[in-house]
There are 2 protein chains.
Amino acid sequence: MADVFKALADPTRRTILDELTDRDEQTLFEICSRLINKHGLSSSRQAISQHLEILESAGLVRTRREGRYKFHRIDTTPLDAIVTRWRPSSTTETGTGPDSVPPGNS
Amino acid sequence: MADVFKALADPTRRTILDELTDRDEQTLFEICSRLINKHGLSSSRQAISQHLEILESAGLVRTRREGRYKFHRIDTTPLDAIVTRWRPSSTTETGTGPDSVPPGNS
DNA sequence: ACGATAGGCAAGTGTTCAGTTGCATGTCAA
DNA sequence: TTGACATGCAACTGAACACTTGCCTATCGT
């Protein structure tokens, strides 16, 4: 699975996730149309397709094939690990090291 | 305030946040030393300094000047908006649009 | 079968970004 | 004041990235 953070780094990809949050199970052309009309973006179909590939390889978008249509839906489960990663551990860090020890190089 | 997502896109910056989570209120040199020793990264001091600037402009790191030392501490409050952004809205989206309407271009 | 629609593949281009290099500023101890 | 320490500023370089261009495959309706 590719980098979730790098997938979220691009504003266009975040807008795609916004669109999929607003309306799930959309095709590529549908997403393209709504990005242009609703969000004022001027991206080509190929650009959106590449963005969807990146989002899918990051686990943020899951696809479903049906005939010549390919439906995309958002999957927010990879986002949970982002916040939990930098939660402070229960070990009292700020209490152990007093401020009077500036350069504590290891 | 700069882009929080782009600040998180770089692996080195995420490791810096890991370090600040493990031990708060560190100076620039202290962070450099621990990144090299603990995390096996070979980044120069200037590179880390630029990373800290980006993290600070994104609101993820707050600084405190004291003489010639500048202490850095992590601030995880901008992370909360990431998960809440793509929470499905209470309006029943999947129920309104049946799956039998494939190309619903606006 | 034929045309139209939906999507995929791959090479090429311009920009953004991470990292380096070199020097400058400011602080502290002796 | 002198030297060592901690950090800041700015230009340059190389690589990653977003986007385009052009063509190809597959599915559906008539």
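Please read all numbers here as calculations on a predicted model, not as lab measurements. So that the names make sense, note that chain A is the first sequence line, chain B the second, and so on, each numbered from 1.
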Would you tabulate the nitrogen or oxygen pairs shorter than 3.5 Å linking the protein to nucleotides 25-30 of chain D?
unit_1: dC28(D); atom_1: O4'; unit_2: R68(A); atom_2: NE; d: 3.4

Each nucleotide N or O in nucleotides 19-22 of chain D that has a protein N or O under 3.5 Å away: list the pair and distance.
unit_1: dC19(D); atom_1: OP2; unit_2: H51(A); atom_2: NE2; d: 2.4
unit_1: dT20(D); atom_1: OP2; unit_2: S44(A); atom_2: N; d: 3.4
unit_1: dT20(D); atom_1: OP2; unit_2: S44(A); atom_2: OG; d: 2.7
unit_1: dT20(D); atom_1: O4; unit_2: Q50(A); atom_2: NE2; d: 3.2

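In this entry the distance linking CD1 of I31(A) with C1' of dG8(C) reads 15 Å, nearest Å. Between L52(B) atom CG and dG8(D) atom P there is a gap of 9 Å when expressed in whole angstrom units. Between the P atom of dA18(C) and the CG atom of L55(B) lies a distance of 10 Å, rounded to the nearest Å. To the nearest angstrom, P of dA18(D) lies 13 Å from CG of D3(B). When the P atom of dC17(D) is taken as reference, atom CD of E53(A) falls 14 Å away, rounded to whole Å. The CG-P distance, from L41(B) to dT20(C), rounds to 11 Å in whole Å. Whole-Å rounding puts the L28(B) CG to dC5(D) P distance at 15 Å. Taking atom CD of E30(A) as the reference point, atom P of dT5(C) lies 16 Å away to the nearest angstrom.
The two atoms that bring S43(A) and I36(A) nearest to each other are O-CD1, 4.3 Å, heavy atoms only. When every heavy atom of D18(B) is checked against every heavy atom of W86(A), the shortest pair comes out as OD1-NE1, 2.7 Å.
The phosphate of dC17(D) (OP1 or OP2) has a side-chain N or O of K6(A) nearer than 4.0 angstrom. Within the structure, a side-chain polar atom (N or O) of R13(B) is placed less than 4.0 Å from OP1 or OP2 of dA18(C).
R62(B) is linked by a side chain to side chain contact (heavy atoms under 4.5 Å, CB included) to R73(B), D75(B), counting only residues two or more places apart in sequence or in another chain. Every side chain to side chain donor-acceptor pair (under 3.5 Å) that T63(B) has, sequence neighbours left out, goes to E56(B).
Comparing the axis of the opening five pairs of the helix from dA1(C)-dT30(D) to dA30(C)-dT1(D) with that of the closing five pairs yields an angle of 30°, rounded to 10°.
Put simply, the side chain of H72(B) gets close to the backbone of Q26(B): a donor and an acceptor are under 3.5 Å apart. For the pair H39(A) (side chain) and N37(A) (backbone), a donor-acceptor distance under 3.5 Å is absent.
When each of D10(A), V4(A), L20(A), L60(A) is checked for a side chain to side chain contact (heavy atoms under 4.5 Å, CB included) with L55(A), only L60(A) meets the rule.
Salt bridge annotation for K38(A)-D22(A): present, with a cationic side-chain nitrogen under 4.0 angstrom from a carboxylate oxygen. Salt-bridge formation is detected for the pair R14(A)/D3(B): a Lys NZ or Arg NE/NH1/NH2 atom is positioned less than 4.0 Å from an Asp or Glu carboxylate oxygen.
When side chains are defined from C-beta on, I74(A) does not count as touching I16(A), because their heavy atoms never get closer than 4.5 Å.
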Could you list the donor-acceptor pairs under 3.5 angstrom formed between side-chain atoms of residues 45-54 of chain A and any protein atom two or more places apart in sequence or on another chain?
unit_1: H51(A); atom_1: ND1; unit_2: R13(A); atom_2: NH1; d: 3.1

